[in-house]
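Bear in mind the structure is a predicted one, so any value in this text is a computation, not a measurement. We name chains A, B, ... by the order of the sequence lines, and we start the count at 1 in each one. These values consider heavy atoms only, across backbone and side chains, with no hydrogens, waters or symmetry-generated copies.
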Protein chains: 2
Amino acid sequence: MELFTERGYEQTTVADIAAHAGLTERTFFRHFADKREVLFPVGTWFHDLFVEPVAAAPDDISPIGAVTRALATAAKTMEAEPGRENARARHRIVASNPDLLEREVGKLAGVAAAIAAAQRGRGVEEPAASLTAELCIAAFRVAFERWVADGETRSLGELIEESLEGIAAAVA
Amino acid sequence: MELFTERGYEQTTVADIAAHAGLTERTFFRHFADKREVLFPVGTWFHDLFVEPVAAAPDDISPIGAVTRALATAAKTMEAEPGRENARARHRIVASNPDLLEREVGKLAGVAAAIAAAQRGRGVEEPAASLTAELCIAAFRVAFERWVADGETRSLGELIEESLEGIAAAVA
DNA sequence: GTCGTAATGACAGTTACTGACATCACTGTA
DNA sequence: TACAGTGATGTCAGTAACTGTCATTACGAC
């Protein structure tokens, strides 16, 4: 992040990153699949936040209800864990490079697919499973984009709620 | 496409493609920004199909109505222009490689951003502009995925309608 | 103290991509 | 017809992202 904010993502080589971190280029690639991956959380972060809650939702919760609950808890975690300023700094870098943006939406698409699978696991039929998953990610993406925008002060939770209400209002 | 279906995307080098097409590697990169780009339509295809109709929608059409109309015409064009079997062959290749999948969702995200801008251009306020755009792309993505699935015979138009109905039913 | 295991370093190699310059085909004009 | 200009292509050298392989080192169990 330091190097990226100083000279920019493309002007920073992974040899630079490795040297700055005190290790070898080869070792870098043993920890991260590729250069972009340094900017994305490792492990099961996304999974724990988005798909686990959906998979664990009780049977009497509707498909849209399951993703709504997941979004609410995810919002709380994200406000605390990386923090808003960290998210803003990271977002500035990601937004500055097409490859990084692509990776970001790719990750979210992967999460959407996992949510859809979780929905199917709770007995939701197919068009609904994928649609509610995509809805969830769409609501999150729009809310997150506003959350990290300059001058925005409302909480991520509020913005997600507003997204969900906006969707309901749009299709009404 | 020939080479990709024969040996697979990753096993095909750009030098292979260039040689097979009777030109130089350098010339390839003058026509395509990178290796993945060969599998994506050139020019203003997406734009003409998705954002132009939204931008041109009359003022008395609701935000969701504008994207619904765009989806309907896009469906008709796609059934004819590349054809279903071509779409299936291409989709098999794209689905076989994470980088290609990433590029695909990246392209769609770009289209969503352009649709949102078009909505704003017609006076739609901000949460609604982005949300209806994302909704449009979500409905399309799910419908398209089913359209190219093995054994599916319904038309893309039908599947898109089913997507839109599914969204409405989910949030009702 | 030694052995096994996992992480790291060292190094060579492939491939995607880029910049710079020369060459060639083509088109309009005197 | 000769010629100048323009755009597409070939050639070549170079960078940087990745990968395979093997040696080395750190570290915990016994």
Problem - Co-members of the apolar cluster containing Y9(A) [side chain, <4.5 Å] - result: M1(A), L3(A), F4(A), V14(A), I17(A), F28(A), F29(A), F32(A), V38(A), L39(A), F40(A), V42(A), I93(A), V94(A), L100(A), L101(A)
Practice task
Just grab all the salt bridge (Lys or Arg N to Asp or Glu O under 4.0 Å) pairs involving residues 40-52 of chain B, residues at least two apart or on different chains.
Solution key: none
Handout entry: Sequence neighbours excluded, every pair satisfying salt bridge (Lys or Arg N to Asp or Glu O under 4.0 Å) that has a member inside residues 8-26 of chain B
Key = R7(B)-D16(B)
Fill in the blank from the handout: With sequence neighbours left out, the residues meeting salt bridge (charged side-chain N to carboxylate O under 4.0 Å, His left out) with R92(A) are none
Problem - Test salt bridge (charged side-chain N to carboxylate O under 4.0 Å, His left out) applied to E85(A) - qualifying residues, sequence neighbours left out - result: R88(A)
Practice task
Flag the pair R103(A) and E37(A) as a salt bridge only when some basic side-chain nitrogen lies within less than 4.0 angstrom of an acidic carboxylate oxygen.
Solution key: yes
Problem - Electrostatic pair R141(B)-E134(A), nearest N-O below 4.0 angstrom - result: yes
Problem - Non-neighbouring partners of F140(A) that pass ring-ring contact (aromatic ring centres under 6.0 Å, His included), sequence neighbours left out - result: F50(A), F144(A)
Exercise for the section: Verify the distance criterion only: is there a donor paired with an acceptor across the side chains of E145(B) and H91(B) at less than 3.5 Å? Expected result: yes
Handout entry: Contacts of type side-chain contact (heavy atoms from CB on, under 4.5 Å), residue A129(A), not counting sequence neighbours
Key = Q119(A), R120(A), V124(A), E126(A)
Practice task
At the 4.0 Å heavy-atom cut-off to chain A, mark where contacts on DNA chain C begin and end, going 5' to 3'.
Solution key: dT8(C) to dC11(C)
Show me the side-chain donor-acceptor pairs of residues 159-172 of chain B shorter than 3.5 Å, one per line, residues at least two apart or across chains.
from: E162(B); atom 1: OE1; to: R154(B); atom 2: NH1; distance (Å): 2.8
from: E162(B); atom 1: OE2; to: R146(B); atom 2: NH1; distance (Å): 3.0
from: S163(B); atom 1: OG; to: A139(B); atom 2: O; distance (Å): 3.2
from: S163(B); atom 1: OG; to: L159(B); atom 2: O; distance (Å): 3.4

Practice task
Check the distance between dT19(D)'s P and D34(A)'s CG and give it to me in whole angstrom.
Solution key: 8 Å
Exercise for the section: Check each residue of residues 20-32 of chain B for a non-hydrogen atom within less than 4.0 Å of any atom in DNA chain D, then write out the ones that pass by number, or none. Expected result: L23(B), T24(B), R26(B), T27(B), R30(B), H31(B)
Fill in the blank from the handout: So, with a heavy-atom separation below 4.0 Å from DNA chain D, the residues of residues 90-106 of chain B are none
Exercise for the section: Grab the two heavy atoms, one from I61(B) and one from R69(B), that are nearest each other, plus how far apart they are. Expected result: CD1-NH1, 3.9 Å
Handout entry: DNA chain C-proximal residues of residues 7-14 of chain B, any heavy atom under 4.0 Å
Key = T12(B), T13(B), V14(B)
